[in-house]
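To start, the structure itself, in structure tokens.
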Amino acid sequence: MSNGSVSQITRRLGAGLAVLFLAAGAAGCSEGPVERAKRERGDDKRAAAPAPSTAAATTMPRPGPAEASGTPAPSQTPSGSTPPAADGPLKGKVVVVDPGHNVHNNEHSAEINRQVDVGNGRKECDTTGTETNSGYTEAEFSLDVSHRLRAILQARGATVTLTHDGDRPWGPCVTERADIGNKAHGDAAVSVHADGAAVGDRGFHVILPASVHAGQADTSAIVGPSKELGARIAGNFVRTTGSAPSNYIGDGTGLDTRDDLGGLNLSTIPKVFIECGNMRDPQDAAQLTDGDWREKAAQGIADGITDFLRR
């Protein structure tokens, strides 16, 4: 991610978002343009996945210490439920964390490529995601950061629901990911990703839901709060990681709006995606594969969610 100051970043934001972004910075993955173009051509390397009807959301215990820098294995937190801290600033709040993709998706191309209805069109059930040149996958990254994020939020008193914990054969589908969050009656939701763009494309961006009213999709109630959630996450992510917003999408704001993501279109709770960096760029990849940096990334996301829920 390219370097830049918070003040430089905030000047690029729109009038409303600039205030939120600056306040968040002071207080404290999905599909990029390349993948979007590939998908539109029909050659997206991220295959897509239907989820079994019995898939259960999980609320998980705190993960172990961060591993050393390099190409790490994902954290091995077991499935199960652990109550949140008795007290904390997020007591009584429910946060849904959606680890992007699944480490087993590449073994189930037929299942994940099944088309599902996202309201204004049809898309693959799920995708395989991208990876670094050394083979560290987006699915491993997203699950590891999600474990770290869950631990921080639970320590603050939140109840955290994961859409999956890497214990499924594939998926869940994007439709089920949204449904899990809706049924959990989450106060906020975030889907954790890393991008796969060209070398030299650096930085993070947060994806916001567009206004969609088609089929089963109606984002009218969540567009506003999701925009605020995204701005607060972006501001805090800059502060904790030292990373700058994407230099290839979002015009330097770190924010992008999409109407083609089923996980956003079908959500009835405030929700955003975050692409934490570009796995195909060596400089970004060095950060994404570093356990200490991933802890900072989880901290920034958690601080943004906390700011949003305490506003």
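Only heavy atoms go into these numbers, but all of them, side chains included; no hydrogens, no water, no symmetry mates.
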Testing the basics here: between [X] and [Y], what is the closest heavy-atom pair and its distance to 0.1 Å?
X      : Y      : value
Asn247 : Gly200 : ND2-O, 3.2 Å
Thr253 : Pro245 : C-CB, 3.9 Å
Pro209 : Val223 : O-CG2, 3.9 Å
Arg177 : His164 : NH1-CD2, 3.6 Å
Val95  : Ala158 : CG2-CB, 4.3 Å

Do [X] and [Y] touch side chain to side chain, with heavy atoms closer than 4.5 Å?
X      : Y      : result
Ile274 : Ser191 : no
Lys271 : Asp98  : yes
His147 : Leu162 : yes
Phe273 : Val190 : no
Thr161 : Thr163 : no
Arg258 : Leu261 : yes
Gln287 : Arg202 : yes

Should the pair Arg148-Asp144 be classified as a salt bridge under the 4.0 Å nitrogen-to-oxygen rule?
yes
Under 4.0 Å between a Lys/Arg side-chain N and an Asp/Glu carboxylate O for Lys183 and Asp179?
yes
Residues Asp307 and Asn236: side-chain donor-acceptor under 3.5 angstrom:
yes
Under 3.5 Å, is there a donor-acceptor pair linking the side chains of Asn182 and Thr268?
yes
Please test Asn120 against Asn265 for side-chain hydrogen bond (donor to acceptor under 3.5 Å, both in side chains), starting from the C-alpha separation and ending with a verdict.
CA-CA 8 Å; Asn120 59 357; Asn265 288 2; 3.1 Å; yes
If you apply the rule salt bridge (Lys or Arg N to Asp or Glu O under 4.0 Å), what do you find for Asp303 with Arg156, and how did you get there?
CA-CA 10 Å; Asp303 289 351; Arg156 296 177 183 179; 2.6 Å; yes
Please check if atom CZ in Arg311 has more than 12 non-hydrogen atoms from other residues, nucleotides or ligands closer than 6.0 Å.
yes
For Glu107, is the CD atom crowded, meaning more than 12 foreign heavy atoms sit under 6.0 Å from it?
yes
With the 4.5 Å side-chain cut-off for hydrophobic clustering, are [X] and [Y] part of the same group?
X      : Y      : result
Val174 : Val212 : no
Val94  : Ile269 : no
Ile152 : Val96  : no

How far does CG of Leu266 sit from CG of Asp117, to the nearest 0.5 angstrom?
7.5 Å
Test side-chain contact (heavy atoms from CB on, under 4.5 Å) on Glu138 and Glu131 and set out the steps.
CA-CA 5 Å; Glu138 181 184 359; Glu131 64 182 17; over 6 Å; no
Residues Tyr248, Asn278; criterion side-chain hydrogen bond (donor to acceptor under 3.5 Å, both in side chains); working and verdict:
CA-CA 10 Å; Tyr248 62 98; Asn278 176 17; 5.1 Å; no
Fit a plane to each ring of Phe237 and Phe204, take the angle between them on a 0 to 90° scale, and name the class: parallel (under 30°), tilted (30 to 60°) or perpendicular (over 60°).
tilted
